[in-house]
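Counting starts at 1 for both ligands and their atoms, in listed order.
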Amino acid sequence: MEPIRTIHRHLLEQEKKHPEAAGDFTQLMGQIALAAKIIGNSVNKAGLLDVLGGAGHTNVQGDAVQKLDILANTIMKDVLLRSGTVAAIVSEEEEEVVIPSAEDPRGPYIVHFDPLDGSTNIDANVSIGTIFGIYRKISPTSEITDEDILQPGRSLIGAGYVVYGASTMLVFSSGDGVHGFTYDPAYGEFLLSHRDIRIPDVCKIYSANESRTTHWPPGAEEFIAHIKSRSEPRYRNITTRWIGSLVADVHRNILYGGVFLYPETENDPTGKLRLLYECAPLAYIVEQAGGAASTGKLRILDIVPDTLHQRVPFCIGNRDEVALYESYIAEFAKKLQA
Ligand code: AHG
Ligand code: MN
Ligand code: MN
């Protein structure tokens, strides 16, 4: 059995590889782990704490907000803004950028997060998650500018997610591979359980909400039909899985090998999922694990965002399948123009 490695010990070891590090990143990740423990505690008792159900209003996205969305957002904001490590945060549940109050110390990082992903699954006790991406503040003054907030995913210095499922697991990368930590309530610690996660070579699973295939762009439905019917033995047992919680679907596909697809439709020409705090952080993680992520035309990490809550079409998972999806989209777009 591996010696017990807490996330803090792992972070300190990673920090030693960066002599210039001041310890802010370690401190920030420690606070994110704290927030994950607090949110996980509420999620695990959701049915008992009257936090189930709708909060009775919609967010900036127009999504019906669940009480746990608000609780998770409050916890993430409170922990991060008081951590002394952030200059600003962007949250799915906040219309604008949020900066620490005058009393709270600031730090060098910008954090984008989806405090609770998979909200529609909360009342059914299905796995949900938290997603976060970490950038360095780059503008020279203390002001927070678009240059700081709207950075491309290529500029991420770290990203990760928490899955609140059979166990609470925190998976993150700071550019040196992807590592998974499982929460052990006995110690109150996240312990290293999945060192250097790599997405398997073979795509065994495809994840898509097929109730919408008739609304997808040309090539998307043909792509799914193709990967369902490949005759090579390695693809023969492909299956479909759709939890409806992006974090849980992507986490499973990284571990087992799979591709997740949420294309644009006529009604949602830029898709449903948000670039800053869903797609870019997950794209960073999956690329670190040997996979890829694309809109079908552009690699997610290359996109320079225009707005905070911008949506993008999303295909993420095995590198070959993402490239194949891009080729289907390109081929059918050409046919349309012919
Ligand atoms: P969120 O709960 O943060 O709004 O995210 C929900 C997203 C994502 O988790 C999931 O993959 C997708 O919505 C499911 O969309 P459909 O309900 O359209 O299938
Ligand atoms: Mn989400
Ligand atoms: Mn959310």
ask   = Salt-bridged, Glu210 to Lys228, with N to O below 4.0 Å?
value = yes

inquiry  = Using heavy atoms and a 4.0 Å limit, tell me yes or no: is Leu273 in contact with ligand 1?
reply    = yes

remark   = Honestly, for Arg274 the part within reach of ligand 1 (heavy atoms, under 4.0 Å) is side chain

query = So is Thr120 close enough to ligand 1, meaning a heavy atom under 4.0 angstrom away?
reply = no

query = Mind checking whether Tyr262 and Trp242 have parallel, tilted or perpendicular rings, split at 30° and 60°?
reply = tilted

ask   = Tell me, which protein residue and heavy-atom name are nearest atom 3 (O) of ligand 1, and how many Å apart are they?
value = Asp114 OD2, 3.0 Å

ask   = Is it true that Glu232 and Arg236 have a side-chain N and a carboxylate O under 4.0 angstrom from each other?
value = no

request  = Could you tell me which N, O or S atom of Glu92 is nearest to the Mn ion (ligand 3)?
outcome  = OE1

task = With the Mn ion (ligand 3) as the reference point, give the N/O/S atom of Asp114 that is nearest.
result = OD1

ask   = So Phe223 and Tyr328, would you call those rings parallel, tilted or perpendicular, with 30° and 60° as cut-offs?
value = perpendicular

task = Under 4.0 Å, heavy atoms only, figure out whether ligand 1 is touched by the backbone of Ser119, its side chain, both or neither.
result = both

ask   = Does the pair Glu287/Arg319 count as a salt bridge with the N-to-O cut at 4.0 Å?
value = no

message = If I take atom CG from residue Asp184 and atom OG1 from residue Thr6, how far apart are they, to the nearest 0.5 angstrom?
response = 12.0 Å

inquiry  = Tell me whether the Mn ion (ligand 3) has Leu116 as a neighbour, meaning an N, O or S atom of it below 2.8 Å.
reply    = yes

